[in-house]
2 protein chains.
Amino acid sequence: MTISDPARIATPAPARWTGFLLARAHLRAHAMFQDALSPLALTPKSFGSLTVIAEQGPLSQAALGEMLRIDRTTVVAVVDELERAGYVERGRDSADRRVHSLRATGAGREALRAAERIADSMQAELLEDLDPDEREQLHSLLARIAG
Amino acid sequence: MTISDPARIATPAPARWTGFLLARAHLRAHAMFQDALSPLALTPKSFGSLTVIAEQGPLSQAALGEMLRIDRTTVVAVVDELERAGYVERGRDSADRRVHSLRATGAGREALRAAERIADSMQAELLEDLDPDEREQLHSLLARIAG
DNA sequence: TATTGTTATACTCTATAACTATA
DNA sequence: TATAGTTATAGAGTATAACAATA
């Protein structure tokens, strides 16, 4: 076997480290979701933001950022994007006029439903080798180390 | 409860989606490893590269890139970094003179041992809430969805 | 013609600093 | 003084295209 033999390429990466397994699984999931959601003008990040705004809105940009661990300057860009697509509106909070109170529009809720259907089928593909118990175990374990 | 009430901030992100859980867990693990390895002039990526080179070297840059799913132009930068630190050497493959055959130096193997000790304690912190069976389950499940 | 490695370049993502308007 | 949001800017990280050397 020479150095450049293709047989060596299949050898798995350092599987002892949780971090590498997480990086690989995340890389794959992210690429799948990004491709699948692009027709709706959504990225994984803006999809997550739209989900939170639709389910928990109205809420401030600061609250959104803390929930999704997104820096407030990045939140501005994400909300700009969602607003440009017509999925989210920036309102004013009557109690605190500094705050932009975010809420999903009708089109935003429609896009979200479509995105969820796509995401469900992506997730089915991602988890195709796992039975329902294993899927639940994976979610539970990930939630416990997510911090 | 007002829009900007801090109590809302603790609410978890869309936990139904594997991708979000993976993103969170990966974000945390990456930050922990990056901080912990920086005194050794290693990043998570160069640590992974050094691991592969030490365990499977000598090997070509192309093989390293395919194993770690790193683009070949990025491999150049990572190997530059490891070579500058004195951890890796670029040799020539006598059978194919296009190939750079990578191997770890003595200093590289020493740094790798030190990095592994640090990574082990980071991993213990990352997985502190999981018992040994659960840690093994998590690794097994992640490996099966990593693609 | 195809592949290995390299460089130059551009693009995405994210964070830092400085600002405004409000509190 | 502190916070919400904004802008400008800079820094990672990564990918694309074009090239030289070799197969």
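Note that this is a predicted model, so its numbers are computed, not measured.
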### Task
May I ask you to evaluate whether Lys45(A) reaches the phosphate of dT12(C), defined as a side-chain N or O under 4.0 Å from OP1 or OP2?
no
### Summary
To the nearest angstrom, the CG-P distance between Leu102(B) and dG5(C) comes to 7 Å
### Task
Could you walk me through whether Leu82(A) and Leu42(A) pass side chain to side chain contact (heavy atoms under 4.5 Å, CB included), step by step?
CA-CA 8 Å; Leu82(A) 289 170; Leu42(A) 288 172; 3.8 Å; yes
### Task
For DNA chain D, find the residues of residues 77-91 of chain A with a heavy-atom distance under 4.0 Å and give them by number; none if there aren't any.
Arg90(A)
### Message
For the backbone of Arg92(A) and the side chain of Ser101(A), can you confirm whether one donor and one acceptor N or O come within less than 3.5 Å of each other?
### Response
no
### Query
Do the side chain of Glu55(A) and the main chain of Pro14(B) share a donor and acceptor less than 3.5 angstrom apart?
no
### Side-chain donor/acceptor of Glu83(B) to backbone N/O of Val78(B), under 3.5 Å
no
### Query
Looking at dA15(C), dG5(C), dA4(D), which one has an atom nearest to any side-chain atom of Thr74(A)?
dA15(C)
### Query
Just by modelled atom types, is the Ile145(B) backbone N or O under 3.5 Å from a matching donor or acceptor in the Arg28(A) side chain?
yes
### Message
Measure CD/Gln61(A) against P/dG5(D) and give the value in whole Å, please.
### Response
5 Å
### Summary
Between Arg92(B) and Thr43(A), the residue closer to the 5' end of DNA chain C by nearest nucleotide is Arg92(B)
### Message
Set out, in order, the CA-CA distance, both residues' side-chain angles and the distance that settles side-chain hydrogen bond (donor to acceptor under 3.5 Å, both in side chains) for Ser60(A) and His100(A), then state yes or no.
### Response
CA-CA 5 Å; Ser60(A) 69; His100(A) 282 180; over 6 Å; no
### Query
Could you give the CG-to-P distance, from Leu68(A) to dC13(C), as a whole number of Å?
16 Å
### Query
Under 3.5 Å, is there a donor-acceptor pair linking the side chains of Gln61(A) and Arg90(A)?
yes
### Query
Looking at Arg135(A) and Asp129(A), does any basic side-chain N land under 4.0 Å from a carboxylate oxygen?
no
## Note on the structure
Letter by letter from the 5' end, nucleotides 16-23 of chain D scores (B base, S sugar-phosphate only, - none; protein heavy atoms under 4.0 Å) BBB--BBS
#### Entry: Nucleotide dT14(D), atom P - distance to NE2 of His26(A) in whole Å
12 Å
### Query
Between Gln34(B) and dG13(D), is there a side-chain N or O to OP1/OP2 distance below 4.0 Å?
yes
### Query
Is the shortest distance from a Lys or Arg side-chain nitrogen in Arg144(B) or Glu134(A) to a carboxylate oxygen in the other one below 4.0 Å?
yes
